[in-house]
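In this text, all values refer to a predicted model and were calculated from it rather than measured experimentally. Just so you know, ligand 1 is whichever comes first in the structure, and atom 1 is the first atom listed for that ligand.
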Amino acid sequence: MSGTDVLRVGMVGYAFMGAAHSQAWRTANRVFDLPLQVRMAAICGRDPQKVSAAADRLGWDEAVTDWRDLVERPDIDLIDICTPGDSHAEIAVAALAAGKHVLCEKPLANSVAEAEAMVEAAARAGERGVVAMCGYNYRRVPAAALMRRLVSDGKLGQIRHIRAVYLQDWITDPQFPLVWRLQREHAGSGALGDIGAHIVDLTQYVTGQHITRVSALTETFIRQRPLPAQSSGLAATSDGGTQAATGPVTVDDAALFLARLSGGAVATYEATRFATGRKNGLRIEINGSAGSLVFDLERLNELEFYDTTLPSAGQGFTRILVTEPEHPYMSAWWPPGHIIGYEHSFTHQVRDLVEAIAHKAQPSPSFDEAYQVQLVLDAVQRSADDGTWVPVSTPAGVFAESRP
Ligand code: SOE
């Protein structure tokens, strides 16, 4: 990395995740005392006008339209991939080969094969001190990080149940168009990879256990949708009229699965885009022999804790307000009680990545950890396809107990 203490970032993509990541790159140095100064050097997108407007709005020095050129530039140290899943692998492999650190949005890839190529590229680049990280940002919500700390401190005892849902409802209208997230060739899967991946990663992170076998079903409730305005022609109807052309939805609208985990816990997972009324409803409940914890993204500054070690007359789900300076990340923000939001998890993600780069450490989740999530997603899809329990192979070295 040339220059002193500067990390020059190039980002590919400028939609929702591009905006969320940009906010994090803008704020991290202003909230945390970081060993490197982030430079928002360039943002990349295919449409010159749109990416130029995004550069102005999101705070990037330069707007470019060719990611292949961006990853080769000597004045770029890190590539942040905020594109649909069908380009994660090619961009990450090229950037790592060019010696750039990589932050890649979740899920890692659209297939196991692509994820394997990314893991191999990260391993090769790692030998040269280059790091790669996958953007499972919910690990960095302070309440979720506190949940992990309490579980690892043994406050719940033996973990028996994990109950995880991620509920959205943005496509319940049959007239919602056939966007890229609803097409397998672009998104890899539907609710399963988009939001199911989050609860797979987060439950494994919080409990320290990993999924070893799954039994699943998926459903696509609406199988044909109007083509998006920019691509919709008109189709002739049988009575001689015309209607907006439609196309097939090729991904799941909902994925539900049972799981067994490495430490003996049993789990239920539900990821759906048809939970009418639920906008971004991620909720995880962990039941153990000594207590329970509940994290609800809609109340992300809080954690519910049931502690059986208290006198029975005093037992109940208590609400921990996760805004004390000793809570994860919170010393950087406001006094106790002054809450934070969804976007802060991305700033925490950047903080941890910058620290890892400066100290030549591997940030988590690594591509290997994200690859294991990809294996879970693949097993869920295969289980749903053939209606059987499917084992999930565990890559060597990803989890402590699997290390030789
Ligand atoms: C889906 O709409 C989505 O944008 C996910 O892709 C993100 O990962 C999640 O944080 C919010 O919802």
Side-chain angles (χ1 to χ4, degrees), residues 11-24 58 80-88 103-110 115 133-145 164-173 176-184 186-206 218 220-222 225 228 249 251-255 269-284 295-301 340-350 353 365 369-370 373-374 376-377:
M11 189 167 81
V12 187
Y14 53 84
F16 177 6
M17 284 301 113
H21 284 224
S22 298
Q23 168 290 131
L58 300 175
D80 184 2
I81 304 171
C82 294
T83 59
D86 57 359
S87 57
H88 287 187
L103 171 60
C104 182
E105 256 299 318
K106 43 52 62 183
L108 186 66
N110 280 1
M133 179 180 179
C134 188
Y136 283 104
N137 60 296
Y138 292 133
R139 292 175 170 217
R140 295 176 159 87
V141 174
V165 299
Y166 200 156
L167 312 175
Q168 296 181 344
D169 72 352
W170 55 282
I171 55 170
T172 53
D173 179 354
F176 190 94
L178 191 70
V179 295
W180 69 263
R181 285 187 187 278
L182 308 182
Q183 300 176 6
R184 184 175 298 275
H186 298 301
S189 64
L192 174 59
D194 182 22
I195 51 181
H198 272 303
I199 50 180
V200 167
D201 176 72
L202 193 56
T203 52
Q204 294 186 135
Y205 169 71
V206 163
T218 58
T220 303
F221 297 106
I222 296 174
R225 289 185 178 272
V249 174
V251 296
D252 57 283
D253 290 331
Y269 291 86
E270 182 182 1
T272 180
R273 293 163 165 167
F274 274 72
T276 308
R278 297 296 181 191
K279 302 308 173 183
N280 199 39
L282 186 162
R283 183 182 188 276
I284 292 174
F295 170 68
D296 184 336
L297 185 63
E298 291 182 353
R299 294 165 49 196
L300 69 82
N301 290 278
I340 63 171
Y342 169 79
E343 75 277 13
H344 294 75
S345 65
F346 293 92
T347 302
H348 302 159
Q349 179 170 267
V350 162
L353 175 55
E369 291 172 278
V373 174
Q374 205 76 42
V376 174
L377 302 178

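Partners of Asp252 under the side chain to side chain donor-acceptor pair (under 3.5 Å) rule, at least two apart in sequence or in another chain, do not exist in this structure. Arg181 is linked by a side-chain contact (heavy atoms from CB on, under 4.5 Å) to Trp170, Val179, Asp194, Arg273, counting only residues two or more places apart in sequence or in another chain.
Counting heavy atoms closer than 4.0 Å to ligand 1, residue Glu105 contributes nothing at all.
Here the closest heavy-atom approach between residue Leu108 and residue Gln374 is recorded as N-OE1, 3.5 Å.
A perpendicular orientation is assigned to the rings of His198 and Tyr136, their planes being inclined by more than 60° (bins at 30° and 60°). Under the 30°/60° scheme for interplanar angles, the aromatic rings of His348 and His344 are found to be tilted.
Using a 4.0 angstrom heavy-atom cutoff, Phe346 does not count as in contact with ligand 1. At least one heavy atom of Gln168 sits less than 4.0 Å from an atom of ligand 1.
Considering only non-hydrogen protein atoms, atom 4 (O) of ligand 1 sits nearest to Phe16 CE2, 3.2 Å. If you check which protein heavy atom lies closest to atom 11 (C) of ligand 1, you get Tyr166 OH, 3.6 Å. Of all protein heavy atoms, the one closest to atom 5 (C) of ligand 1 is Asp194 OD1, 3.1 Å.
Every atom of ligand 1 is numbered from 1 in the order shown, and the set under 4.0 Å from a heavy atom of Arg181 is 4 (O), 6 (O). For ligand 1, the atoms sitting less than 4.0 Å from at least one non-hydrogen atom of His198 are 7 (C), 8 (O), 9 (C), 10 (O), numbered in the order shown with element in parentheses.
Under a cut-off of 6.0 angstrom, the local environment of CZ in Arg278 is sparse, with at most 12 non-hydrogen atoms contributed by other residues, nucleotides or ligands.
The closest donor-acceptor contact from the side chain of Asp86 to the backbone of Gly188 lies at 3.5 Å or more, if one exists at all.
Checked by distance only, ligand 1 and Tyr342 come closer than 3.5 Å through their nitrogen or oxygen atoms.
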